[in-house]
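See structure below.
We name chains A, B, ... by the order of the sequence lines, and we start the count at 1 in each one.
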Number of protein chains: 2
Amino acid sequence: MTLSRERVVDTAVAVLSRYGLADLSMRRLARELGVQPGALYWHVASKQELLVEVADRLLRQRVAAPQSQDPAAAVRALAVAIRAALLRVPDSADVVALAYAVDPGSVEPLRELSRLLRRLGVAGARLDAATQLLVHHILGSVTAEQNRRQASASDPGPVADAGPGALAAFELGLDVILDGLRPPP
Amino acid sequence: MTLSRERVVDTAVAVLSRYGLADLSMRRLARELGVQPGALYWHVASKQELLVEVADRLLRQRVAAPQSQDPAAAVRALAVAIRAALLRVPDSADVVALAYAVDPGSVEPLRELSRLLRRLGVAGARLDAATQLLVHHILGSVTAEQNRRQASASDPGPVADAGPGALAAFELGLDVILDGLRPPP
DNA sequence: ACCTGAACACCGTTCAAGT
DNA sequence: ACCTGAACACCGTTCAAGT
């Protein structure tokens, strides 16, 4: 099986999913692919570029957000769907945050959030600010929960995850944002 | 001059401030202190523990937030002050986010934000959610701006920073949150 | 008590040389 | 065109041995 950019990215997603970001090194990836480390650089410019590609995959793999007539409900549904998709892959929020830092426009669901907010009647500088606020809330929430998980994984504490409480807190935060957006003063 | 935990942390803050997180390695720190890398581990358990200490320093060094009677104005002022303090040190938001991930209670200004929100009449699960939302907004905003800066630093683009626009967006986001918190339904 | 010396098991990236 | 071999300049952490 020949090497290809696709196979490199696929394997990167697989390693991330199974072992986390700490184990996602170029050398580890090469080993997994049965190839010398230098070979990867024929298909990918750098580790950073690879991670941007990985982030893209993670966000596209998400469950289709249920369509809704009410734009506020649509924003809620999309935000919750993105959060749920990222929670499945360890350290995914870090990877997406890096991609968003390198190139904010490359993250498609961000632009989708922006479109939905415009339908809510938000516009101009307020639209940009609200989009950023939502993205920070999503990524922050996922990062916090994933860190909690791997903290309790090495801990002898209770096995029950803080999942439901974290989702409730996330949704309360969403409501605060959506309420704050309602009357454009 | 003998080595001490304090001197290690001080030097870590200095290296971070001048060269950024990528250059803040235990080995670099040891070189800067004129000592062997292993010596650091007598004063500090690990790099992670050191970074938590560094984050604490960064947040304590902030300008005292102007006191205000109006609790909403106080939240605004504190959030803006924390943001300004972090913007001065490269990659500071990443370091604080890590500390917040390892031990959320260790970050003092977080608890201060929580206290101010309670004075605003926010309570219960809503208080936790609002605090987290604010923290995510602050750290997300600083991360985004610091990444923009180091992107434009290697770029031949315009020298003018996106500072004023970013501050305005940050404050608009704050307003959305504070408006959303006003009527506890 | 505190530090050195030296090792262990790793990194990302480059690049001549091979096929 | 695509990959190997080998190197360059690094990492965090541990630990016997010295003082």
task: Considering only atom P, compute the distance from dA9(D) to dC10(C) and round it to an integer number of Å.
output: 23 Å
message: Return the pairing partner of dG5(D) with a 3.5 Å limit on both distances, Watson-Crick or G-U wobble; otherwise return none.
response: dC15(C)
- prompt: Between Asp175(B) and Arg76(B), does at least one N-O distance fall below 4.0 Å, as a salt bridge requires?
  reply: yes
message: Go through it in stages, so that I can follow the logic: the residues are Leu58(A) and Leu16(A), the test is side chain to side chain contact (heavy atoms under 4.5 Å, CB included), and I'd like the CA-CA distance, side-chain angles, deciding distance and then a yes or no.
response: CA-CA 10 Å; Leu58(A) 295 180; Leu16(A) 180 68; 4.1 Å; yes
- prompt: Should Glu108(B) and Arg60(B) count as an ion pair when the cut-off is N to O under 4.0 Å?
  reply: no
- prompt: Is any side-chain heavy atom of Leu110(B) less than 4.5 Å from a side-chain heavy atom of Leu59(B)?
  reply: no
- line: Residue set satisfying salt bridge (Lys or Arg N to Asp or Glu O under 4.0 Å) with Asp70(B), at least two apart, ordered chain then number -> none
task: Give the first and the last nucleotide of DNA chain D, reading 5' to 3', that has any atom under 4.0 Å from a heavy atom of chain A.
output: dA1(D) to dA7(D)
